[in-house]
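Keep in mind the model is a prediction, meaning the values are calculated, not measured. Atoms within each ligand, like the ligands themselves, are counted from 1 in listed order.
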Amino acid sequence: MAAFGSVFMPKMALATFENDQWSESQIVASDSISLHPGAHVLHYSSTCFEGLKAFRHEDGSVHVFRMDQNVKRFSQSSDLLSLPKVDDAQISQMIVDIVAEYASDVPQPPGSMYIRPTHIGTEAAVGKAAAPSESSMMYVLLSPVGDYFAGGAKALRLLLDEEGQRCAPHMGMIKSGGNYASALQPTLKAKADYRADQVLFCPNGYITETGAANFLIVDGNEIITKALDSSFLHGVTRSSILQIASDLGMTISEREISVEELLERAAKPGVEAMLSGTAAVLTSVGTLIHNGKDYTVGSGDTGPMAQKLRQALNDIQWGKAPDTHGWLTKIA
Ligand SMILES: *Cc1c(COP(=O)(O)O)cnc(C)c1O
């Protein structure tokens with residue numbers, strides 16, 4: 001099967017910002033855009049994006065999951081990058097319009113339609129290294145995706161990195177291209193040196209997140225994760241899992257976690273560690289690597305709590321459990 005996110009629907013929704021206003025959005029071909037080679041985004045990384053999903057229910061209806069949260073974050077990322085101000089109502093309508101256009105192509109669960117809103121600075125101005133782009137473009141791409149765990153859900157190996165950081169701390173809560181470029185070398189090195197799947201960045205000995213996912217620990221009835229601050233990405237999956245855990249009567253602890261505490265806890269039987277994000281929802285961490293040594297977490301395999309919480313979230317997304325928090329927007 002094609003790699004996640006490598007197949008696109010032939011059309012997308014697009015709007016441009018010029019002369020202090022947004023154009024009306026249009027549905028256009030998704031295989032190309034026209035950009036000046038001096039465009040701000042290509043030189044000074046004025047770019048941010050979102051990742052959310054539309055799901056097909058058994059009755060054939062199509063629903064987008066927590067669109068308001070992703071739109072809010074998209075808007076916030078754009079503000080923090082000094083891109084033109086996003087019109088939340090317009091980008092929401094663009095998402096609705098393009099998903100409606102391809103409603104019949106939304107895959108059945110466990111597949112879904114991955115939605116990628118993108119905002120880029122388009123002004124041709126290589127002199128603007130320290131000034132914002134006055135024009136921009138935003139578009140919404142769609143990519144049908146299959147079962148993320150088609151090859152079986154394998155527990156991950158995570159390298160704990162206390163030296164480096166994923167991105168500059170003031171960029172942490174922005175879903176912006178440069179942050180992924182920044183995390184790439186440490187991640188590739190961890191793969192080559194330790195057969196690690198990902199790096200858990202722990203600057204100053206405290207856990208933040210991996211290149212593209214949040215980190216959570218389950219210990220008995222307690223779920224523990226880093227408290228929100230501006231140094232890392234506030235995942236919608238993270239907040240959804242915390243809400244579901246709270247609905248299940250679990251204790252939610254949002255606080256700092258040191259590497260020392262993590263390694264101590266991980267040694268306890270029944271403790272689970274997991275990563276959360278829209279693409280894979282929740283993935284178990286089987287091994288932590290620290291100072292060249294492997295530490296097995298719990299059984300070292302996919303844990304029962306990760307499975308249970310992932311299932312509970314999928315049940316809401318797939319229309320198999322009531323949407324008690326109003327997380328779904330019906331499109332068709
Ligand atoms: C997208 C992303 C996440 C996960 O966010 P979700 O809203 O749950 O998909 C976590 N960390 C980083 C760095 C991300 O880019």
> Taking atom types as modelled, is there a side-chain donor on Ser299 or Asp301 under 3.5 Å from an acceptor on the other?
Replying inline: no
>> Within 45 degrees of the ring normal and closer than 6.0 Å to the centroid, is that where the cationic atom of Arg238 sits relative to Phe232?
In response: no
> Is the number of heavy atoms from other residues, nucleotides or ligands under 6.0 Å of Lys11 NZ greater than 12?
Replying inline: no
> Between Asp197, Asp294, Asp193, which is the residue that forms a salt bridge (Lys or Arg N to Asp or Glu O under 4.0 Å) with Arg157?
Replying inline: Asp294
>> Would you call the rings of His290 and Tyr295 parallel, tilted or perpendicular, taking 30° and 60° as the class edges?
In response: tilted
> If you measure from the Lys or Arg side-chain nitrogens to the Asp or Glu carboxylate oxygens, is any gap between Arg166 and Glu209 under 4.0 Å?
Replying inline: yes
Pairwise, report which nitrogen or oxygen atoms of ligand 1 are under 3.5 angstrom from protein nitrogen or oxygen atoms, and how far apart they are.
from: ligand 1; atom 1: 7 (O); to: Arg73; atom 2: NH1; distance (Å): 2.9
from: ligand 1; atom 1: 7 (O); to: Arg73; atom 2: NH2; distance (Å): 3.1
from: ligand 1; atom 1: 7 (O); to: Val236; atom 2: N; distance (Å): 2.7
from: ligand 1; atom 1: 8 (O); to: Val236; atom 2: N; distance (Å): 3.3
from: ligand 1; atom 1: 8 (O); to: Thr237; atom 2: N; distance (Å): 2.9
from: ligand 1; atom 1: 8 (O); to: Thr237; atom 2: OG1; distance (Å): 2.6
from: ligand 1; atom 1: 9 (O); to: Thr278; atom 2: N; distance (Å): 2.9
from: ligand 1; atom 1: 9 (O); to: Thr278; atom 2: OG1; distance (Å): 2.6
from: ligand 1; atom 1: 11 (N); to: Glu209; atom 2: OE1; distance (Å): 2.6
from: ligand 1; atom 1: 11 (N); to: Ala213; atom 2: N; distance (Å): 3.4
from: ligand 1; atom 1: 15 (O); to: Lys175; atom 2: NZ; distance (Å): 2.7
from: ligand 1; atom 1: 15 (O); to: Tyr180; atom 2: OH; distance (Å): 2.4

